[in-house]
Amino acid sequence: MDLYSTLSRTVEPLVTRNPGRVYLFVCGPTVYDYSHLGHARTYIVFDVLAKYLRWTGLEVFYLQNITDVDDKIINRAKEEGVPQSVLARTFEAAYLRDMRSLGIDAVSYHARATTHIPEILSQAERLLGRGAAYVTEAGVYFDVSTFERNGELSGQHGTDRISRVTGEGKRTPLDFVLWKFGEFGEYTWDSPWGRGRPGWHIEDTAVTEKYFGQQYDIHGGGLDLIFPHHEAEIAQMESMEGKHPMVRYWMHTGFLTVEGKKMSKSLGNFITVRDALKTWNKDVLRYYILLSHYRSPLQATEEGIAHAARALEHIRAAAKKDAGEDREGRKAFIDAMESDLNTPMALAAVQKLAANGDIGALKEFGEILGINFLREASVPIRVLQEIRAELRAKKQFEVSDMIRERMTAAGITVTDPSL
RNA sequence: GCCGGUGUGGCAGAGCGGUAUAAUGCCUUCGCCUGCAAAGCGAAUGUUUGGGGGUUCGACUCCCUCCGCCGGCGCCA
């Protein structure tokens with residue numbers, strides 16, 4: 001399989017460090033609020049990647065962190081007057097529920113930041129030992145000047161920034177915190193340097209080192225994480241043990257935009273997953289998201305989702321008679337997936353497979369994409385259809401057409417055979 | 001300011017050095033089919049790949065430059 005890596009800015013063949021095995025890490029959510037469709041896009045993409053890699057026979061260890069200690073959680077908990085752990089667990093549960101509702105179930109293990117404090121402290125300690133970090137009154141900081149490869153992922157090398165956080169006794173504004181001193185209520189731990197809590201970047205390297213080791217295959221996340229977050233991860237991990245590269249394949253998903261703007265919580269232009277699922281089912285949402293390439297920006301519109309819903313409906317309507325294997329269609333699907341997870345092209349192949357009646361492929365590939373391409377009528381719908389068939393046989397079209405209209409209005413596509 | 005992404009038919013969205021009959025879909029129109037529809041099948045309309053240079057026998061595809069849009073710059077999927 002070929003994948004585009006942000007590190008090399010090119011598409012390269014996937015060669016894993018251990019034959020037959022892939023270590024995949026994707027940045028998880030900060031659990032202080034509900035997930036929106038922008039998050040859904042990223043997690044659907046990596047869900048499909050993991051499922052496809054497994055389908056090809058690779059063993060995939062898909063690890064995701066859960067950021068459950070962070071300023072936003074601390075502040076939100078204070079606002080709501082609830083303990084941090086209650087807030088974090090509530091939204092963690094909501095996140096996991098939303099993901100399941102979207103058919104996202106490929107993650108092997110979720111790692112919470114708060115249950116990996118010893119690993120985080122161990123990394124901070126080693127970085128201090130290497131001279132790559134220093135202690136101030138505010139906390140333990142990573143010294144960016146000690147890492148000469150800084151900026152290789154983002155192209156930002158640290159001399160040209162217009163705004164930067166200074167103060168806190170940092171040697172340079174670029175330095176970032178590994179361990180922040182203070183009392184943060186419930187989520188405060190002892191450390192050799194003083195009580196406090198972890199910085200944002202270190203939990204990811206702490207969990208990946210624990211479960212994967214110091215180097216692994218693929219790291220994924222949204223485009224907005226390249227700088228500073230992923231840059232900081234590289235700096236920490238590579239400084240710690242000197243191994244390079246920490247990760248060979250860096251995959252970043254493009255933004256979901258609303259009226260040209262990035263969907264984000266701060267702009268308030270988001271659609272939560274739970275709200276989206278009230279109107280559309282997971283098959284439609286996944287089809288819609290996979291209809292564009294994961295690195296392209298995707299404009300979220302009602303019309304766009306409705307378009308996806310119709311197209312999916314047509315596939316299901318076409319996929320009735322089983323005509324056996326469509327070798328060409330199957331090859332087209334696989335070729336598309338091999339080519340940097342080109343799901344729009346893969347869906348074009350699915351259209352062909354449906355038109356050519358390869359039910360087996362639709363079922364098999366549908367599992368990779370997490371989309372049910374085969375129509376399954378529920379019992380009530382089946383009963384209605386039977387009643388309509390009887391009415392039509394008796395030529396009582398007025399009633400049967402009324403039922404059909406109502407069903408269509410309810411979003412159920414009705415097709416009648418000839419009398 | 002610096003760094004990065006993106007710009008293809010009415011719309012969504014692939015292709016990225018070898019004729020855009022521009023994949024695939026959505027929309028529109030017509031025909032077949034249908035009790036009538038829908039779906040399906042067949043057909044039609046449509047733009048020429050943001051602008052300008054360059055490299056090349058040949059560029060949507062590579063390079064330069066400009067323009068538009070979006071994002072990052074220690075909060076963010």
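Here is the naming used below: chain letters follow the sequence lines, and residue numbers restart at 1 for every chain.
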S400(A) or Y288(A): which one's nearest nucleotide on RNA chain B is closer to the 5' end?
-> Y288(A)
Have a look at R316(A) and say if it touches a base, only the backbone sugar-phosphate, or nothing, with a 4.0 Å heavy-atom cut-off.
-> nothing
Taking for each residue the nucleotide of RNA chain B with the nearest heavy atom, is it R9(A) or F397(A) whose nucleotide lies nearer the 5' end?
-> R9(A)
Measure the acute angle between the ring planes of F176(A) and F142(A), then classify it against the limits of 30° and 60° as parallel, tilted or perpendicular.
-> parallel
Pairwise salt bridge (charged side-chain N to carboxylate O under 4.0 Å, His left out) hits with a residue in residues 37-46 of chain A, at least two apart = none
Answer with yes or no whether R392(A) presents, from its side chain, a donor or acceptor under 3.5 Å of a partner atom in the base of rG35(B).
-> yes
Minimum heavy-atom separation for S101(A) to L277(A), with atom names?
-> CB-CD1, 3.4 Å
Calculate the interatomic distance between N269(A) atom CG and rC70(B) atom C1'; express it in whole Å.
-> 12 Å
Which is true for G254(A) with a 4.0 Å heavy-atom rule: it touches a base, it touches only sugar-phosphate, or it touches nothing?
-> base
Assign A336(A) to base, sugar-phosphate, or nothing according to its heavy-atom contacts below 4.0 angstrom with the strands shown.
-> nothing
Would one find a side-chain N or O of R404(A) under 4.0 angstrom from OP1 or OP2 of rA38(B)?
-> no
Among rG35(B), rC2(B), rC70(B), which nucleotide sits nearest the side chain of T257(A)?
-> rC70(B)
Whole-Å distance between rA77(B) P and I104(A) CD1?
-> 14 Å
rA77(B) base stacked by F255(A)? Criteria: ring centres under 5.5 Å, plane angle under 30°.
-> no
Under 4.0 Å between any heavy atoms, over every strand shown, what does K395(A) touch: base, sugar-phosphate, or nothing? Just pick one.
-> nothing
Gap between atoms CG and P, on N150(A) and rC3(B) respectively (whole Å) | 15 Å
Contact under 4.0 Å: H39(A) side-chain N or O vs rA77(B) OP1/OP2 = yes
At under 4.0 Å between heavy atoms, what does D70(A) touch on the DNA or RNA strands: base, sugar-phosphate, or nothing?
-> nothing
To the nearest angstrom, how far is R295(A) atom CZ from rG7(B) atom C1'?
-> 15 Å
With the side chain defined as heavy atoms from C-beta on, D416(A) is closest, among rC36(B), rA38(B), rU24(B), to rC36(B)
What do you reckon, is CD of E79(A) surrounded by more than 12 foreign heavy atoms closer than 6.0 Å?
-> yes
For R149(A), look at atom CZ and say whether over 12 heavy atoms of other residues, nucleotides or ligands are found less than 6.0 Å away.
-> yes
Side-chain donor or acceptor of E231(A) under 3.5 Å from a matching atom on the base of rG74(B)?
-> no
In whole angstrom, give the distance that lies between atom CZ of F270(A) and atom P of rA77(B).
-> 12 Å
Looking at R76(A) and D33(A), does any basic side-chain N land under 4.0 Å from a carboxylate oxygen?
-> yes
Nearest listed nucleotide, side chain of L298(A), among rC2(B), rC41(B), rG13(B) = rG13(B)
Looking for any heavy atom pair under 4.0 Å, which part of the strands does L256(A) touch: base, sugar-phosphate only, or nothing?
-> base
When you compare rC67(B) with rU29(B), how far apart are their C1' atoms, in angstrom units rounded to a whole number?
-> 37 Å
Would you mind reading off the distance between F91(A) atom CZ and rA77(B) atom P, rounded to a whole angstrom?
-> 14 Å
Rounded interatomic separation in angstrom, taking CD from Q64(A) and C1' from rA77(B) = 10 Å
If you measure from the C1' atom in rG9(B) to the same atom in rU49(B), how many Å do you get, rounded?
-> 10 Å
Kindly say whether R248(A) contributes a backbone atom to a donor-acceptor pair with the side chain of S5(A) at under 3.5 angstrom?
-> yes
Which listed nucleotide (rG74(B), rA77(B), rU34(B)) is nearest to the side chain of T253(A)?
-> rA77(B)
Record whether the side chain of T42(A) comes under 3.5 Å of the base of rA77(B) through a donor-acceptor pair of N or O atoms.
-> yes
Sugar-phosphate only, base, or nothing, as touched by I73(A) at under 4.0 Å among non-hydrogen atoms | nothing
Distance-only donor-acceptor test (3.5 Å): side chain D401(A), base rG35(B) = yes
Taking rA77(B), rC73(B), rC26(B) as options, the one with an atom nearest any side-chain atom of R310(A) is rC26(B)
CD (E80(A)) with more than 12 external heavy atoms under 6.0 Å = yes
Between atom CZ in R76(A) and atom P in rC75(B), what is the gap in whole Å?
-> 17 Å
Under 4.0 angstrom, heavy atoms only, what part of the nucleic acid is G304(A) near: base, sugar-phosphate, or nothing?
-> nothing
Distance, C1' atom - from rA44(B) to rC3(B), rounded to whole angstrom | 48 Å
Hey, does L419(A) reach any base, or is it just sugar-phosphate, or nothing, if we go heavy atoms under 4.0 Å?
-> base
Side-chain atoms of S296(A) come closest, of rU24(B), rA14(B), rC2(B), to rA14(B)
Between the side chains of H116(A) and Y211(A), does any donor sit under 3.5 Å from an acceptor?
-> yes
Determine: side-chain N/O of H314(A) to OP1/OP2 of rA39(B), distance under 4.0 Å, yes or no.
-> yes
The side chain of H293(A) lies closest to which of these nucleotides: rA77(B), rG25(B), rA14(B)?
-> rA14(B)
Taking atom P in both rC11(B) and rG18(B), what distance in whole Å separates the two?
-> 26 Å
Considering only side-chain heavy atoms of A355(A), which listed nucleotide, rU34(B), rG74(B), rC41(B), is closest?
-> rC41(B)
Measure from NZ or CZ of K262(A) to the centre of the six-membered ring of F255(A) and say whether it is under 6.0 Å with the direction within 45° of the ring axis.
-> yes
Electrostatic pair D416(A)-R404(A), nearest N-O below 4.0 angstrom | yes
Writing each nucleotide of RNA chain B 5' to 3' as (, ), [, ], | or . by Watson-Crick or G-U pairing under 3.5 Å yields (((((((..(((.....[.....))).(((((.......))))).....(((((..]....))))))))))))....
Would you tell me if any nitrogen or oxygen in the side chain of K262(A) comes within less than 4.0 Å of OP1 or OP2 on rG71(B)?
-> no
